[in-house]
Amino acid sequence: MSAIIEQTIETYGIENWGAGYFGVNRKGHLIVRAAEGDNLTADVKEIIDDLGKRGINTPVLLRFPQLLFGQIRKLQKSFRNSIKEFDYNGGHMCVYPMKVNQNRSVVEEYLREGKRYNFGLEAGSKAELYAALALEQAEDSLLVLNGFKDRDFIKLAFAGAKAGKNVVIVIEKLSELDHTLRLAEETATNNAEAILPMIGVRVKLYSKGSGKWEKSGGEAAKFGLTTTEILEVIRRLTEAGRIEMLKLLHFHIGSQLTDIKRIKNAMKEAARTYAKIRQMQIPIEYLDVGGGMAVDYDGSRTSFESSANYNAQEFANDVIYVIKTVCDDEDVPHPTIIQESGRFLTAYHAILVTNVQDEIETVVEDITAPMTLAADDPQVVKELHDLRESITGKNYREYYHDALEHREELFTMFNLGLISLEDRGKGEVLFWDVCEKADGFAQQKKYVAEEFDELRRLLCAKYLANFSVFRSMPDNWALEQLFPILPIHKLNKKPTEYATLCDITCDSDGIVDKFVDLHDVKPVLELHKLEKDEPYYLAMMLVGAYQEVMGNNHNLFGVPHEAHIYIGEDGYIIKKVIQGATLGDALATVRFDAAQLHDQFRRNIVQRIKDGEVSTKEGNELIEYYESQAESYTYLSPNGSE
Ligand SMILES: *Cc1c(COP(=O)(O)O)cnc(C)c1O
C-alpha cells in the first residue's frame, strides 16, 4: 500500500474506530468489508456512481446488513467465550431494543441472524409492541416490554403471550402491576389453561453509569423501583397467588457507558439484588443487564464520551465473572443473562454518503488580484501591507496582534467616514493575508498557542455538505456526539485543506465543527481541495444507531434515499433501493396535501390568465412544472445536473 494511503488511513483514524469493517483500496476509495478483516469488500465510490446512474443522487444512506450480523456474532461469541471460561451455568440471550432503529429491514435482518442464538426483541411503547407481535422470533427468545404502560399496553402484552410469544412485562410503576394482576384474573377466569405473560421488575440501582447518559442510573433515575417498592411487588404477587409469574430482574444504567469500572459496580449491585430475591424462594430465571455497551466512535479506547475503555470480550468477561462470583457467594443458581444492547449492534451498519456542494468563502482570495500599494492609501492600509511583507517565523505572534489592532482601526475609520469602501476592502484582504501567514508559522511550532487554534478555525474552509445535521446526525447537534467523517475517494491523495462542514438547513446550528481524533477533538477536518466540475463525496460513519429515528424534519428535509448492499465473492449487489422523501412527502408531515396545493396553485394561475398576465399556454406549462415538483427530492441536486 502506498505511503500516502497509509497516511490518510491514519489521518482519518479508520483503523481506530472502524472495528475492522472499513479500509481503503488501491484506487484510494473507501471500502466496506463483509466481515471484520474480510477479503470480500465493496467499493463505496463505485456504489455511489452506480446509484447515480439510476438517478439516485446523494445524500444516500447505505445499509450493510452484513455488518449488523458481524456485530451480533461478535457479541454472542464474546459471551459464549466468557461463559466457558468462567464455568458459568446460565445462558446468555439478547433482546434488541427497537427504539435504537425500528426500520423494518434492520429489525428483520437482526431477527434473521439472531434467531440462531435465541435473540429476541425489546419494545418500549405500544407501537413497537404492535410491530413486534407480528414478527417471527425464535421460539425460546424473549419479548421484553419496558417503558411506562397503560392498561391497553398490558392488554396487548397478554394478547402476545396467547399468540405464542415469551412476553415479559417489566414493571416500572406499581400501577402497572395492578393492571397486570387484574388482566391475569380475567384471563384465568375465562380460560384456566391460558398462557400468561411473565413479569419482570426494573430496579433502581444506586450505581450510576458514566458519560452523557449518566442520569439514567442512580437514585434520581426516571425509571425503576426502589427496594421497598420491589418488596411490595413481591408481597402483592404472593398475595394474589401469582408469584410464579415473576421471572426477571431488570436494570439499565444508561446508553454509551464509557467506563467499565462503573459497569462492574452496577453488575455487583444487581447480582446481589437478584441473589437476595432468589433466596426468598422466588424462582427468578433471568437477570436482564440492560443495554449501554458503548461504541468507540473516536477510536481512542478511553472513557471519553464518544469512546469506551473496553471491548466486547472484556464487557462479557466482567458481566459473567461478577454475576458468577456473587451468585456462588450467595449460593443461588446462575441466572440466564439477558442483554439489551442496541447501539453496539446497529451503529456500524449504516453510512450516510453525501456530496460537498460548494465552499462558503470567508476570505476573498479568488476575487482580488495580488495587491500593490498606492501612494495615497491610508496609513492603516500601509501598515497592514508592511506586516504582510515582513512577517516571519520569529515575529509572527507580535505581527498577528498588530494586525488585529489595525483591523479594529480600519473599521473605526470606516464608520467615521474617514476611509472609502475600496480602502476598507483592501485592508481586509491584507489582514487575512497576515492571518494566513501567521497561521502557517504557528502550525510549524511544536506547541500551537490557543489563539492560533482559534485562528485556524476562523481561517478554515467551510464546505457546504448536502445534508441536514438535524435529519441525519441529530446527536451531533443535540449532544455533541462525534461521528467519524471522511471522503470516500481521493484517499490516495494528501488532503491539503482544513474545513468545517455546514449543512443546507437555514440554521446556524447546522454545522459540524468537531471531529474525531485519537487524543483530542479536532476543530477542523483535513479534506481535499474542491475541484471544479468534479464531485467530492463524504461519508458520515457509524450512524446506524438512534440517528435515523431521532432525526427530524427541520426545514422539511426528509429521509434520504436508502440502498441496501450485499457484499459477495466478486463484488457487491445493490439489493434494494428505497426512494427518499419528495417535496410532497415532506409537506405531508406538516399536513399539507399535494392535491390541495395543486388546486390552489391552479386557481392562482387561472386568475393570472383572466388578468391577462400570462397566456393560457404559459399557464399550462407553469402548472405542469409546479405539479411535477411534488415528486422531486428534498435535497440539492448535484452541481451540473440539469
Ligand atoms: C435505550 C435502552 C436500551 C438500549 O441501549 P443501548 O445503549 O443502545 O445499548 C436498552 N434498554 C433500555 C431499557 C433502554 O431504554
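Read the numbers this way: they start at 1 and go in the same order the structure lists the ligands and their atoms. Side-chain atoms are counted along with the backbone in the values below, which use heavy atoms only and exclude waters and symmetry mates.
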J.: Do the charged groups of Arg182 and Asp178 touch, with an N to O distance under 4.0 Å?
T.: no
J.: Just go through Met98, Glu340, Arg343 and tell me whose heavy atom is the nearest to atom 4 (C) of ligand 1.
T.: Glu340
J.: Please work out whether the ring planes of Phe470 and His554 are parallel, tilted or perpendicular, with thresholds of 30° and 60°.
T.: perpendicular
J.: Could you list which atoms of ligand 1 come closer than 4.0 Å to a heavy atom of Ser341?
T.: 9 (O)
J.: Counting only heavy atoms closer than 4.0 Å, does ligand 1 sit against the backbone of Phe344, its side chain, both, or neither?
T.: neither
J.: Flag Lys99 as yes when one of its N or O atoms lies below 3.5 Å from any N or O atom of ligand 1, and as no otherwise.
T.: yes
J.: My understanding is that we take every heavy atom of each candidate and find the minimum distance to atom 6 (P) of ligand 1. Doing that for Gly224, Gly292, Ala294, which one comes out nearest?
T.: Gly292
J.: Would you call the rings of Phe22 and Trp17 parallel, tilted or perpendicular if under 30° counts as parallel and over 60° as perpendicular?
T.: tilted
J.: Would you tell me which option among Ser255, Ala545, Pro97 has the nearest heavy-atom contact to atom 7 (O) of ligand 1?
T.: Ser255
J.: Go through ligand 1 atom by atom and flag the ones less than 4.0 Å from a non-hydrogen atom of Tyr546.
T.: 1 (C), 4 (C), 5 (O), 6 (P), 7 (O), 8 (O)
J.: May I ask you to identify, for Arg202, whether its side chain, its backbone, both or neither come under 4.0 Å of ligand 1 on a heavy-atom basis?
T.: side chain
J.: Below 30° counts as parallel, above 60° as perpendicular, anything between as tilted: where do the rings of His250 and His252 land?
T.: parallel
J.: Assess the pair Tyr572 and Tyr566: is the distance between their ring centroids shorter than 6.0 Å?
T.: no
J.: Are Phe467 and Tyr635 an aromatic pair by the rule of ring centers under 6.0 Å?
T.: no
